[in-house]
A.B. asks: 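The following block contains the structure, expressed as structure tokens.
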There are 2 protein chains.
Amino acid sequence: MSATAQPGPQWRRVLGDLTGWLDAGEVRPGERLPSEAELAERFGVHRLTVRQALGELARTGAIRTVHGRGSYVAEPPYRFRVVPDAPSIVAQMREQGRSVTQRLVAHSVVPSTAAPDATGLPDGDLLQLDTVMCVDGAPWSRATTWLAHDRFAGIPAVWTDNTSLTGLLQAAYGLRMRRAWRRYAAEPAGPADADALDVALGVPLLVLVGANCDQDGEVTLVAARRTRGDRIEYVVEL
Amino acid sequence: MSATAQPGPQWRRVLGDLTGWLDAGEVRPGERLPSEAELAERFGVHRLTVRQALGELARTGAIRTVHGRGSYVAEPPYRFRVVPDAPSIVAQMREQGRSVTQRLVAHSVVPSTAAPDATGLPDGDLLQLDTVMCVDGAPWSRATTWLAHDRFAGIPAVWTDNTSLTGLLQAAYGLRMRRAWRRYAAEPAGPADADALDVALGVPLLVLVGANCDQDGEVTLVAARRTRGDRIEYVVEL
DNA sequence: TAGTGGTCTAGACCACCGG
DNA sequence: CGGTGGTCTAGACCACTAT
């Protein structure tokens with residue numbers, strides 16, 4: 001009945017009731033919620049009031065709203081536990097039986113100032129690769145990678161959706177890398193993220209910026225990866 | 001003039017124009033934006049349309065809206081770079097000249113099932129500490145910590161706002177710990193986070209769950225720390 | 001008390017999706 | 001086509017802040 005007589009704003013009550021539905025499993029993951037109009041009628045409020053509550057649910061990832069179809073209960077935010085030691089992320093996921101593809105959406109030559117500062121990359125032009133990774137068919141993360149252009153200019157020509165950059169560098173360049181440093185941060189999805197990762201504006205992304213170096217200790221690769229917060233967890237064993 | 005004739009919705013144009021103001025420094029950090037009513041008039045749209053744009057700015061942390069006063073341009077999202085190796089976070093920040101306080105907001109005895117799974121803590125009741133850390137007077141992170149209750153029951157009695165848990169454990173219990181494992185994730189702020197950290201619902205938090213073990217390799221402390229995403233960056237040197 | 005943001009309603013039109 | 005969510009307006013009232 002949801003006759004919850006709360007003191008706060010009405011959309012809070014609606015939000016509370018809807019959250020209750022989800023927690024109680026009255027609407028299961030994958031199922032559609034009643035339409036906004038019907039919810040408005042059922043709760044005795046205006047549709048905009050319902051939308052306020054639905055917006056909060058969407059921002060926290062509890063539901064997923066699709067224009068023209070409805071709002072669907074999201075799958076529980078399962079997370080891959082990615083272990084930064086061990087092989088590359090792609091190899092790791094494939095070992096877990098996931099289908100992983102990485103599409104090269106853009107590549108360009110940029111001055112070395114374009115990479116995040118304090119990277120340790122050598123001076124000179126850089127090759128910048130913009131990729132989108134999909135796991136089991138769903139957008140998972142975006143990455144921007146910088147490499148010395150003179151050395152790696154041939155990469156875009158041989159890229160395929162099944163490329164693992166780590167594997168490619170080892171196979172084609174004989175390059176075995178190890179991790180130099182990592183930075184972890186949480187940022188809201190911007191317009192480009194929302195578009196590429198199929199999420200709402202502002203949802204949390206886990207941002208990992210890192211550098212790898214070659215056998216001689218020279219930094220040869222810098223990458224910034226923005227991953228859906230509900231889809232990842234980095235585990236570091238010490 | 002902002003006669004930007006864009007194709008998308010109007011609130012996008014408003015958002016774009018406001019973002020332009022901020023980027024160009026036409027409104028500086030700490031200054032107040034015009035009132036919603038005035039913005040509505042100036043952009044020739046309804047106040048709700050302006051609010052849609054302001055809401056996005058607030059969620060990305062670009063502005064900060066205060067009931068009854070107005071919307072203020074946020075300080076640039078400066079981030080502490082916290083190095084997980086090296087001393088405790090508190091000690092590290094104080095070395096950087098920050099004033100750090102940690103208020104104990106609650107403590108209780110809970111069954112061992114209350115801690116995040118796979119922690120490695122011994123069975124038996126746990127002491128759970130809920131704390132809020134402020135840096136330079138502003139809320140910065142919330143933490144929940146679990147310890148064996150029988151061994152550490154006296155901690156709440158001696159807690160002060162200047163306590164560093166690491167320091168306390170070493171001083172009062174002769175305990176020197178080292179890191180066992182860490183998990184990094186990004187999650188949206190829930191109601192409790194929003195309240196304690198003074199942020200909007202749903203803004204990104206960087207969540208760090210970790211365990212420390214004593215000299216014998218026994219896990220003695222598990223902690224989950226939820227920090228404002230615009231205020232932190234974890235750096236790991238490898 | 002005046003000005004600000006927060007909430008809510010009523011009603012409209014558009015854009016998208018599916019059959 | 002009908003149903004859905006996305007946007008927008010008009011107007012009202014409430015809650016909070018400052019003076």
A.B. asks: How close or far is atom C1' of D:dT7 from atom CZ of B:R13, stated in whole angstroms?
C.D. replies: 14 Å
A.B. asks: Out of curiosity, B:L168 CG to B:S88 OG, how far, rounded to the nearest 0.5 Å?
C.D. replies: 11.5 Å
A.B. asks: Hey, which of these two, B:S35 or A:H46, hits DNA chain C nearer its 5' end, going by closest nucleotide?
C.D. replies: B:S35
A.B. asks: More than 12 non-hydrogen atoms from neighbouring residues, nucleotides or ligands closer than 6.0 Å to CD on B:E41, yes or no?
C.D. replies: no
A.B. asks: Quickly work out the B:L39 CG to C:dG5 P distance and round it to whole Å.
C.D. replies: 8 Å
A.B. asks: Report which part of the nucleic acid A:L54 touches: base, sugar-phosphate, or nothing (heavy-atom distance under 4.0 Å, all strands).
C.D. replies: nothing
A.B. asks: Could B:D161 and B:R103 be called an ion pair, given the rule that one side-chain N must be under 4.0 Å from one carboxylate O?
C.D. replies: no
A.B. asks: Is a side-chain N or O of B:E233 found less than 3.5 angstrom from the main chain of A:Y184, in a donor-acceptor match?
C.D. replies: no
A.B. asks: Provide, to the nearest angstrom, the distance between the CD atom belonging to A:E36 and the P atom belonging to C:dA15.
C.D. replies: 17 Å
A.B. asks: Would you say the side chain of B:R47 and the base of C:dG6 hold a donor-acceptor pair, judged only by whether the two atoms sit under 3.5 Å apart?
C.D. replies: yes
A.B. asks: List the steps, then state whether salt bridge (Lys or Arg N to Asp or Glu O under 4.0 Å) holds for B:R51 with B:E56.
C.D. replies: CA-CA 9 Å; B:R51 279 180 64 79; B:E56 295 295 340; over 6 Å; no
A.B. asks: To the nearest angstrom, how far is B:F43 atom CZ from D:dC8 atom C1'?
C.D. replies: 16 Å
A.B. asks: Can you pull out the residues from residues 61-76 of chain A that lie within a 4.0 Å heavy-atom distance of DNA chain C?
C.D. replies: A:H67, A:G68, A:R69
A.B. asks: One thing to verify: whether A:D136 and A:R231 come together as a salt bridge, which I'm taking to mean a side-chain N less than 4.0 angstrom from a carboxylate O.
C.D. replies: no
A.B. asks: Could you grab the distance from atom OG1 of B:T227 to atom CG of B:L205, nearest 0.5 Å is fine?
C.D. replies: 8.0 Å
A.B. asks: OP1 or OP2 of D:dT9 less than 4.0 angstrom from a side-chain nitrogen or oxygen of B:Q10, does that happen here?
C.D. replies: yes
A.B. asks: Do the side-chain N or O atoms of B:T49 get closer than 4.0 angstrom to the phosphate oxygens (OP1, OP2) of D:dT7?
C.D. replies: no
A.B. asks: Taking CG from B:L48 and C1' from C:dC8, how many angstroms apart are they, rounded to a whole number?
C.D. replies: 10 Å
A.B. asks: Between P on C:dT7 and CZ on A:R12, what's the gap in Å once rounded to a whole number?
C.D. replies: 8 Å
A.B. asks: Rounded to whole angstrom units, what separation is found between the CD atom of B:E38 and the P atom of C:dG5?
C.D. replies: 10 Å
A.B. asks: Rounded to whole angstrom units, what separation is found between the CD atom of A:E41 and the P atom of D:dG5?
C.D. replies: 14 Å
